[in-house]
A.B. asks: 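One structure is given below, represented as structure tokens, and several questions about it will come after.
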Amino acid sequence: MSNPSPQTPNQGPSTPAAARVAAPAAPKAPGKPKVVVKEDAMWLQKEMINRNYHELATAHDVGRKISATFVPGNLNELLMCFDFARSLPETNALQNGMRKKSGKFIMDAERDGHSEDVCTYVKSDLGMMLNGNIGPTGEPLPKPDVLLLSYTGCFTFMKWFELVRQKYGCETTMLHVPYQGDGKINKNMRDYVLKQLKENVIPTLERVSGIKFDIDRLRQYMRESEKAEADLVSVLQSAKNRPSPIDGYFGAVYYIGPIFTAFRGTPEATQFYDVLRREIDQRVREGKGPITPDGELTEEKYRLVVEGPPNWTSFRDFWKMFSDEGAVVVASTYAKVGGVYDFGFRHDADRPLESLAEYCLGCYTNLNFPQRIDMICRYIEEYQADGLLINSIKSCNSFSAGQLLILREVEKRTGKPAAFIESDLVDPRYFSAANIKNRLESYFQMVNQKRSREIAH
Ligand code: SF4
């Protein structure tokens, strides 16, 4: 996917439902330059994320401290109470992947001793450090002052920050979030997380930042989060319409960007989701399909549910393989990794710390397999999907382990066809366009056969 240049004219968020066309990207080879189409909200989120990189680059110059924390279980509102500039390592890796920078970083990390099997987000991050820690937008990413390790189900998080801590020697605070082994959150689990927040995380953040914790400030941010979360849910659930006005996987990447990163709890995010919701409501009223990088999808042939993160190094080509076939992803588990809001959870200003604990406990990465299977089956039914597609990520053990079980169980329970494709997050060596295209074509044939059999009965 091409990125807008910083000079790309932005008409602001007030032009509803207008898909704008970027200036043609510089062609890599002779031939026609590619033209990328995006919704207004897509441009806006890009600007917000770029601005966050600038804030990180200049934070120490203006006396601000920097935190680093992972997307699932991020405590963004809490970090804002201490004025931290906020860095999210997975976002840095995926942004580097989209900008085709991650391949070299990964190879440099492997040369530095990290095995091929290690999560490529980690190797991209470590490789970026080996190359001077210049962030995806070309500005430096200074050393964080604190690592907030909110542990929500992925063991790699722990190893990742152990390595980063060794390199930077910076302060680290850990929030241990118990796994939902029994498929529910009980009082003991909530109290355990709460106790750590009060006795460990908040005192550390106070000490590092030099700012006293103010719970009313946290409440204020949470009021903003709640509004943005309601609008995000409305946008994601708009995919229940036929045709779906959004793509709930590729398009959703732009929709979840602000709320899953440094913006949840900010008035900017509230405004972004308000604009986005209006854009999407308008598309529903007009009976329009989603905007894809090649323009509006005018014929919805397949409705899919997808499990697993996308590939970032060939994101646009990957999306095109779906849109060329008229396939729209109506729901994805990936659009829930930074918060599962569509089953009712909201950050709650009246119970700020308790709801932060519940947010972490309810993260998708912290759900057990029966819960993940239930979620996917529910999506297939509620979004009237034709089936499930799993993008199995070579180096992401957290997501990939158990996906075969998920596939078999979902097929059994829904009677809908399910299939695997395989790629990687940010390692370009593991994106084979021809293989994925073949698998997708076979899958769409399966869906067509299933439909023919249903009609015959
Ligand atoms: S969830 Fe997957 S991609 Fe994310 S850190 Fe863990 S292993 Fe890496």
Side-chain angles (χ1 to χ4, degrees), residues 68-75 87-98 102-103 105-106 109-110 114-129 136 144 147-165 172 174-177 179-180 249 252-253 256-257 260-261 306-315 318 332-340 359-369 371-372 375-376 390-404 406 420-431:
T69 199
F70 296 113
V71 170
N74 77 73
L75 304 175
S87 176
L88 294 112
E90 306 104 306
T91 310
N92 302 340
L94 81 83
Q95 291 287 341
N96 279 326
M98 282 178 142
S102 55
F105 293 161
I106 290 167
E110 286 176 3
H114 298 282
S115 139
E116 253 199 59
D117 294 337
V118 171
C119 166
T120 48
Y121 275 173
V122 180
K123 284 188 288 188
S124 175
D125 194 36
L126 298 175
M128 182 176 71
M129 287 161 85
L147 306 175
L148 170 52
L149 169 50
S150 176
Y151 175 79
T152 51
C154 173
F155 189 68
T156 301
F157 289 158
M158 247 192 290
K159 301 316 272 175
W160 189 345
F161 268 0
E162 265 176 33
L163 290 164
V164 175
R165 185 177 58 170
T172 308
M174 175 164 167
L175 181 70
H176 175 235
V177 178
Y179 185 60
Q180 285 204 45
Y249 185 53
V253 162
I256 59 180
F260 282 8
T261 59
V306 171
E307 146 72 15
N311 165 275
W312 300 111
T313 47
S314 301
F315 183 79
F318 192 28
S332 66
T333 52
Y334 182 71
K336 317 294 156 27
V337 283
V340 179
Y359 158 73
C360 292
L361 286 157
C363 273
Y364 184 71
T365 45
N366 204 46
L367 303 184
N368 71 13
F369 282 111
Q371 287 174 297
R372 295 186 197 191
M375 190 176 182
I376 292 169
I390 294 179
N391 184 30
S392 188
I393 295 293
K394 182 194 169 284
S395 64
C396 172
N397 294 327
S398 267
F399 269 92
S400 309
Q403 279 177 333
L404 193 59
I406 291 179
F420 264 103
I421 47 176
E422 288 165 290
S423 67
D424 190 63
L425 298 161
V426 287
D427 190 339
R429 295 171 297 183
Y430 295 100
F431 185 83

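It should be emphasised that the depicted structure is a prediction, and the values quoted were computed from it without experimental measurement. Atoms considered below: every heavy atom in the structure, side chains included; atoms not considered: hydrogens, waters and symmetry mates. One-based numbering, in listed order, for ligands and for the atoms of each.
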A.B. asks: Which atoms of the protein, restricted to N, O or S, are nearer than 2.8 Å to atom 6 (Fe) of ligand 1?
C.D. replies: Cys154 SG
A.B. asks: Using a 4.0 Å heavy-atom cut-off, which part of Leu425 comes near ligand 1: side chain, backbone, both, or neither?
C.D. replies: side chain
A.B. asks: Among side-chain atoms of Thr69 and Asn74, is any donor-acceptor pair under 3.5 angstrom?
C.D. replies: no
A.B. asks: Hey, are the side chains of Leu175 and Cys360 touching, using non-hydrogen atoms and a 4.5 Å cut-off?
C.D. replies: yes
A.B. asks: Within the distance-only criterion (no hydrogens, no angle test), does the side chain of Asn311 pair as donor or acceptor with the backbone N or O of Asp424 below 3.5 angstrom?
C.D. replies: yes
A.B. asks: Parallel under 30°, tilted from 30 to 60°, perpendicular over 60°: which one fits the rings of Phe431 and Phe318?
C.D. replies: perpendicular
A.B. asks: Does any donor atom in the side chain of Ser87 or Asn92 lie under 3.5 Å from an acceptor atom in the other side chain?
C.D. replies: yes
A.B. asks: Could Lys159 and Glu162 be called an ion pair, given the rule that one side-chain N must be under 4.0 Å from one carboxylate O?
C.D. replies: yes
